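Okay, structure first, notes after.
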Number of protein chains: 2
Amino acid sequence: MAATQELTKNQSLVFDALTRADGPLSAYTILDQLREDGFRAPLQVYRALDKLLDYGMIHRLESINAFVACSHPHDHSHNHGMIAFAICEKCGQVTEFSDDVITARVREWTKGNGFKPSKTTIEIRGICASCGTA
Amino acid sequence: MAATQELTKNQSLVFDALTRADGPLSAYTILDQLREDGFRAPLQVYRALDKLLDYGMIHRLESINAFVACSHPHDHSHNHGMIAFAICEKCGQVTEFSDDVITARVREWTKGNGFKPSKTTIEIRGICASCGTA
DNA sequence: TTGACTAATGTAATAACATCACATACGAAG
DNA sequence: CTTCGTATGTGATGTTATTACATTAGTCAA
């Protein structure tokens, strides 16, 4: 496995679709966009998404059942802090950020309660600055 | 509106089902449990769930498409801190907690970025203490 | 080269989650 | 009693995700 993940054809197509998009896409939206590239069934999308999630190249937004390309341009293998998302309900823009204090605080809680975390979701839905002033 | 919310028949049935359950239930699981009480269609469940969410009596767990009764026995009208959930992927147990530091930290971010939050989701999935030692 | 194994893909069907559209009932305010 | 808002009943439909099975393609060892 190279520093930057080698992707299969389907994985590339799905990743490119997400990268082109300026916001989150649902699996079925991706499917529609890739029909002309030969995609026929949801599973082709979901399988690629699963791998891309594994590789840390994309994120799933649980609260809206959609996917975004990771906005961190650099390496994905470290930086194990939790990632939070601010999702604008008007324009769909997603802002990704991480906060060491929140990360530490969550870890404290899980440690203190003997809970072994596998995945943590932090999503803030609301109205972004642009949409709020517009 | 009374201190404790007056519920309609359907709302009571759904709330009771969630209260009886020792873990989160999906809307369709609730529907199945309430068939003998006259429930016939998903909408009957979803409408009740919407109201109960409004009243703050239940929570929706976005990452597993399920609902739980709020575990805070006391009043729901104040305590505006964010609520986090630890969800055990083995036994399904959900633990609800709130953390002022996390709440403050999220607020700082949203203020600093001109983002007006409407709903914040924090869900930690993993293995709970009981399941981890068992 | 062949065979065995693993990963990726193609396809249809189905399951699981959620909403729309429209009709009906029922209680409170005037 | 009429009007209005809220709750309800019901069927159809829309959206999201998985199961099951067949096929293709690459890797590696004998």
Side-chain angles (χ1 to χ4, degrees), chain A residues 1-2 5-18 21 23-55 57-68 87 89 92 94 119 121 123 125, chain B residues 1-2 5-18 21 23-55 57-68 87 89 92 94 119 121 123 125:
Chain A
M1 165 173 162
Q5 185 61 41
E6 294 287 352
L7 297 180
T8 66
K9 178 161 159 283
N10 286 2
Q11 289 161 16
S12 295
L13 287 166
V14 169
F15 183 65
D16 289 349
L18 283 172
L25 299 178
S26 78
Y28 279 75
T29 302
I30 295 171
L31 174 57
D32 286 340
Q33 289 190 9
L34 297 181
R35 295 243 182 233
E36 54 187 16
D37 296 290
F39 274 50
R40 312 290 311 272
L43 205 47
Q44 295 176 291
V45 177
Y46 282 109
R47 284 202 274 231
L49 289 171
D50 282 347
K51 285 295 183 185
L52 295 169
L53 286 168
D54 272 358
Y55 301 152
M57 299 175 69
I58 66 171
H59 302 289
R60 176 191 175 86
L61 303 174
E62 309 276 5
S63 66
I64 58 173
N65 297 319
F67 303 83
V68 280
I87 305 167
E89 296 183 305
V94 173
K119 195 199 174 199
T121 297
E123 297 178 15
R125 289 202 274 162
Chain B
M1 164 174 162
Q5 185 62 39
E6 294 287 352
L7 297 180
T8 66
K9 176 161 161 283
N10 285 2
Q11 288 160 17
S12 294
L13 286 166
V14 169
F15 183 66
D16 289 349
L18 284 172
L25 299 178
S26 78
Y28 278 74
T29 302
I30 295 171
L31 174 57
D32 286 341
Q33 290 192 7
L34 297 181
R35 295 243 183 233
E36 54 187 16
D37 296 290
F39 273 49
R40 311 289 310 275
L43 205 48
Q44 295 176 292
V45 177
Y46 282 110
R47 285 201 274 231
L49 289 171
D50 282 347
K51 285 297 181 181
L52 295 170
L53 287 168
D54 272 358
Y55 302 153
M57 298 175 68
I58 65 171
H59 302 290
R60 175 190 175 87
L61 302 174
E62 309 277 3
S63 65
I64 58 173
N65 297 320
F67 303 84
V68 280
I87 305 167
E89 296 182 305
V94 173
K119 196 200 172 196
T121 297
E123 296 177 15
R125 290 203 273 162

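Bear in mind that the values here come from a model prediction, so they are computed numbers and not experimental data. Below, chains carry the letters A, B, ... as their sequence lines are ordered, and counting in each starts from 1.
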Could you pull out the closest heavy-atom pair between [X] and [Y], with the gap in Å?
{"X": "B:A48", "Y": "B:N10", "result": "CB-O, 3.9 Å"}
{"X": "A:V14", "Y": "A:L52", "result": "CG1-CD1, 3.8 Å"}
{"X": "B:A27", "Y": "B:L49", "result": "CB-CD1, 4.1 Å"}
{"X": "A:Y28", "Y": "A:P42", "result": "OH-CG, 3.3 Å"}
{"X": "B:F67", "Y": "B:L18", "result": "O-CD2, 3.2 Å"}
{"X": "A:K9", "Y": "A:D37", "result": "NZ-O, 4.4 Å"}

Tell me: [atom1] of [X] to [atom2] of [N], nearest whole Å?
{"X": "B:L43", "N": "C:dT24", "atom1": "CG", "atom2": "P", "value": "17 Å"}
{"X": "B:F67", "N": "C:dA16", "atom1": "CZ", "atom2": "P", "value": "16 Å"}
{"X": "B:L25", "N": "C:dC17", "atom1": "CG", "atom2": "C1'", "value": "15 Å"}
{"X": "B:L61", "N": "C:dC17", "atom1": "CG", "atom2": "C1'", "value": "15 Å"}
{"X": "B:N10", "N": "C:dC26", "atom1": "CG", "atom2": "P", "value": "13 Å"}
{"X": "B:I30", "N": "C:dA16", "atom1": "CD1", "atom2": "P", "value": "16 Å"}
{"X": "A:Y46", "N": "C:dG10", "atom1": "OH", "atom2": "C1'", "value": "17 Å"}
{"X": "A:K51", "N": "C:dA7", "atom1": "NZ", "atom2": "P", "value": "8 Å"}

Without swapping roles, check the side chain of [X] against the backbone of [Y] for a donor-acceptor pair under 3.5 Å.
{"X": "A:Q44", "Y": "A:R40", "result": "yes"}
{"X": "B:E123", "Y": "B:E62", "result": "yes"}
{"X": "A:S12", "Y": "A:T8", "result": "yes"}

**Study point:** Upstream residue (5' side of DNA chain C) when B:R47 and B:I64 are each assigned their closest nucleotide
**Key:**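 Going by which nucleotide is closer to the 5' end, it is B:I64.
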Review point. Given C:dA18, C:dG10, C:dC17, which nucleotide is nearest the side-chain atoms of B:S26?
Key: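 Selected nucleotide: C:dC17.
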Check your understanding: What are the residues of residues 31-41 of chain A, sorted by number, that bring a heavy atom to within less than 4.0 Å of DNA chain D?
Key ->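 Listed by number, there are none.
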Check your understanding: For A:K9 and C:dT9, is the shortest distance between a side-chain N/O and OP1 or OP2 below 4.0 Å?
Key -> no
Check your understanding: When the nearest nucleotide of DNA chain D is assigned to B:Y28 and to B:N65 on a heavy-atom basis, which residue is associated with the more 5' position?
Key ->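 First, find each residue's nearest nucleotide; the 5'-ward one identifies B:Y28.
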Check your understanding: First and last nucleotide of DNA chain D in contact with chain B, 5' to 3', at under 4.0 Å to a heavy atom: what are they?
Key ->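 In short, chain B contacts DNA chain D from D:dA7 to D:dT10.
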